[in-house]
Each structure stands twice: as structure tokens, then as C-alpha cells.
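Data first, discussion second: the structure below is written as C-alpha cells.
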Amino acid sequence: MGVLGRSAPQVRTRRRDTLVRQHRSFPRLFGSLLLVVAAGVSSVGAAPERVRPAPAHDVKARPLGQVVPAPARVRPGGSPYAITASTRIRVDASRADSREARRIGSYLAGLLRPSTGYALPVTEGHGDGGIRLRLGSSDRSLGEEGYRLESGRGGVTLTAREPAGLFHGVQTLRQLLPASVEERSRQRGPWTIAGGTITDTPRYAYRGAMLDVSRHFMTVSQVKLYIDQLALYKINKLHLHLSDDQGWRIAVDSWPRLAAYGGSTQVGGGPGGYYTKAQYRDLVSYAASRQLEVIPEIDLPGHTNAALASYAELNCDGVAPPLYTGTSVGFSSLCAGKEVTYDFVDDVVRELAALTPGKYLHIGGDEAHSTSHEDYVAFMDRAQAIVRKYGKTVVGWHQLTGATPVKGAVAQYWGYDETGADERLRVAAATKAGTRLVLSPADRVYLDMKYDRNTVLGQAWAGYTEVDRAYDWNPATYLADAGVAEDAVLGVEAPLWTETIVTSDQLESMAFPRLPGVAELGWSPAATHDWNTYKSRLAAQGPRMTALGIDYYRSPLVPWPAG
Ligand code: TNX
């Protein structure tokens, strides 16, 4: 069977630190030159100094629809609006909503102040002109995440029913400004937004990214940086893969050795690490401030060597294995026949559920090659019941459909073109019984797959995945031939496994620019889907990503602007 039967990925992790990708040095160097040039420049008050003119593609207001993900409806027209030194950000919300709206106003001001150099005070109440953020619209068509952006000579108004909509509208507004707005030092304007109206709502409610913090631990600030990058593209779920053979990354009070010992290493033998409960809470609230819901995953019953090494009693033979720093999969299993296993799962799920305000809890369930089928089914039954007991919705990798998914469970499909028909049919049968799917096809959206044979990082077991391949598929019909109906699809998620990924630069070079394409699949109406128009919108993101310091892969398939 294709997926289940594949052999462990061959990963060379040793060479990665010494390898620098060619595409990195040029934009970085150019970016820093610009920064140096622009550093002393002020557009209000300071002595005028000659600055390099902004690159041609930054001078005019960009077309209203030049946004990733593509907005649902774009009606260009009328005069553009220019942000100036006297622009205010006016927050207009009912009392109940006003704190959230103010926070979003301050977030927007925080984005715009360093590069524009303007004060951009955030004020409350009605009033015309400037940037207006209106929350609590009664327009039902905007839903929970939609917004309307109206731009004209007098100002730009964002309207939404819910804070998430206002926040997503801010991301659009930001992308309508020149890329240099993302720099953290004062830049030359003008800061012009094209005239017209955008009305925008998402195609799917679930638009996720997964980060594997187990194979290589990522610090709180690394994760926050990724959250900020995800927010720019309207991703709304952050799935954290918190445990695997190589490391347990979340403190559990009732089983303290999980983090203290099980978290003490990583692939290649580095020091690893884990999140204290306070750090995890901080991550959850940071994500929430960017409208992302954290979905924690504890991978069970396989991928558990770190736990088995920490507590001998979790092993069927009562002997703790050593910690593991390699990259094989499928060799570890909790002991399904022992009661202590379920005490352990209960404690872990209880503590994690209490820390997590979101509705989902992911229990893995993939590649349990060292667990017999019978044990797997029995184990998943009990583990799912525990998740439900603590009030959470079960998420599992699609192997869960080989057991008995509980009512309301979500299965994350990670098959690929070689996945056998029987496996697809099993997934489809589960959807007919009510299981919903998040789609993460490995040969489309696994961000650890190499782009091509020259990609230094990553793996290739599901094949090379260039930017067009990651973008050019349809979630609604992806499993239609197996019998999965459109409405069984909850959305999409792009996982980033980190066997070969250590630094944020490395993470960025794999995630970008594929992640914006996955975000677009999740957000934009199917009618806007077109590789040719997408690739020019994506190209316009190049200078923006550079300004943000995102170390993206300069795919030859994308017409990046020169410079
Ligand atoms: C498969 S996909 C895995 C992970 C690996 C990944 C590497 C899935 C549910 N399991 O354990 O990290 O491949 O690409």
C-alpha cells in the first residue's frame, strides 16, 4: 500500500548548516543597502535628503485586486486614497466590540508607522476621512471572516461583522500599499491605495499551517515570526506538532519527565527544548491576536519514542528505550494493552485541553507501523473518547479512518498520487459517515518536499513540488474520484516537517512562496483560480517578502520583478 508501505525517508541532516542557497544573498544585500540609504530620511519635518527614487513598480498605486489570496470581488474605480502625515485611524464599533477593534487599529498603526514615519493616531468614534475600521456590520453576507474595503479620495473604510474580518481586511489594505511599507525604517511614499471596493469572504473555514517543533525545536519567537507571516495570507489555524520520536515539546505537570527528559534532544542530537505552560499560553494568545487558532497535536500511539524513553512503564516490556535523534518513522508504539497508557493519555489530554481555548485537539494516529491493527483500533477508540471527554473535537491523520472515527471527528488527508485506491476509498467511506476532511496532500502542500532536484533542504519521498504544483489543484474535487463530496472538505493545511529544517531562514525558504498559494486555495473562490494570473500576483509579493526579511525561494516559474 503506497503510503503505509513507504520506507523511512533518507535524510542527510548533517550538511544543512554549511549550505547557503544562492538566491538568498542578493535580495538580502539589496534590502540592506536600501535600508542604509533610507535610514536617515524623513518625510515629515526633517531636512530633505536625496533618496533613491522608489522602484517603478512601487510608485503607482497597485491595482486593487493585486492581493494574495485573491479577493472574492474587486470593483476598481474612483480616486485613489493617499495616507499622509495627518491620517488618523478611526475605530468605529459598538461598546462590546470596541476593545477588539481598537486592538486591530493599533496593530495596523504598528505596521504602518515605522515605514511611513507618520503618527497615525488611533481614535474612536464616527467621522469621515482617514482609515476607518468599522466593526459590527449587520451585513450577514460578510460572515465571520469577511470584510469590505472601500477606497476613495476621502479615505479608506474597512467594514466587518467580526474582528477576524476586520483583521483580514487589514492584511488586504497592507498589500495594496507599496512593498516598502513593510520595512521597519522610514521609507519614501507616496502611500497610495487604489480607488474602488473589495468585498471578500473565504471559500473554506479551515486554512491551516502545521509546524513540526518536535524534529527540531522552534523557539517561541521563531513561532511568533511564522505566525506573523501566516497572518499576512489570511491563514487561520496553526497546528503545532508537539510530540514525536525525537522530542516532547510541551510541559505536562503530571508527567514532568516528558518535557524535561523527552524534550532534551532533537534530530541530529542538539539540545531540543520545550514550551513551559506559560510560553504555550503566550503563543496561543499571540496567535489569537493574529486571528489564528492553535491546534495542538500529540502524536499517538506511534511517533512516541520521546515519551517511551521518559517513562519505562509506558513500554510493554517495561524497559525505556534511549532517546532518538535519527529520522526514521514507524518504530515506536505506546502499549495498547496496559491501563497506565490510558491514564497517561487522559492526563496529557486534560492538561493540554485546559491550556487550549480552540475547539480542536489532534491525536496523530499516523504511521503506527509498530502497533497491531487490533491494538490501533482499540487505542484510537479510547483516545478519541478522552478527547471528547475534555470537550474537544478530535483531529487525526487520515489513518484514523482505518479505526472508527468518533462523531464530528476531522481527518487530515496526507496521501499523494501514489496512495492506493483502497486507502482513498476508506477515507471516502468515513466522509459518508460524517467525518470531515482537512486536505494536506503530500505531493502538493507538504512544505518539506523539495522544489526540484537542486533544492538543498527537505525530502522528496512524495516527489518534487514546484510552486505551480503546490497551487494548481482543486480541494473540492481532489478526492472526488474516490467519492468524497465537496461539502466534506473543511479546508486545507500546509504542514512543514522539520527533519532537515533548523533555522527560520530555512523554514522560510521552504514555506515561501508555496504557502501563499495554499492560502489562496483556502481563501479564494474557485472562479479566481488560474496559475497565470496567480503567478503575477505572487511575483508582486516578492519585494514585499524581501522587505519583511522572508527568505523565499526565487522559483524560476514566477516572473519576479527585477531588483
Ligand atoms: C510523514 S505525514 C510523516 C512525518 C514525517 C514526514 C516527512 C505524516 C502524518 N507523517 O512523520 O515527518 O512524512 O515528510
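For ligands, and for the atoms within them, numbers begin at 1 and follow the listed sequence. All of these numbers come straight from a predicted model, not from anything done at the bench.
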Proximity of Tyr416 and Trp461 rings by center, below 6.0 Å: yes
NZ/NE/NH1/NH2 to OD/OE distance under 4.0 Å, Glu313 and Lys338: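 Salt bridge absent between Glu313 and Lys338.
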SB check Lys389 Asp346 (cutoff 4.0 Å): yes
Would [X] count as being in polar contact with ligand 1, using the rule that some N or O on each side must be under 3.5 angstrom apart?
X      : value
Trp414 : no
Glu499 : yes
Glu367 : yes
Arg215 : yes
Asp212 : no
Asp448 : yes

Min heavy-atom dist Met449 to ligand 1 below 4.0 Å: yes
Nearest heavy-atom neighbours spanning Val484 and Ala488: CG1-CB, 4.0 Å
For ligand 1, which atoms, with element, lie under 4.0 Å from some heavy atom of [X]?
X      : result
Gln459 : 7 (C), 14 (O)
Asp366 : 8 (C), 9 (C), 10 (N)
His303 : 11 (O)

Aromatic ring pairing Tyr311/Trp255, orientation class (parallel under 30°, perpendicular over 60°, tilted between):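 Perpendicular, since the angle between the ring planes exceeds 60°.
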Option from Thr371, Asp245, Asn305, Asn315 for which side chain to side chain donor-acceptor pair (under 3.5 Å) with Ser332 holds: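 Of the listed residues Thr371, Asp245, Asn305, Asn315, the side chain to side chain donor-acceptor pair (under 3.5 Å) partner of Ser332 is Asp245.
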With Tyr360, the side chain to side chain contact (heavy atoms under 4.5 Å, CB included) member among Glu293, Glu297, His239: Glu293
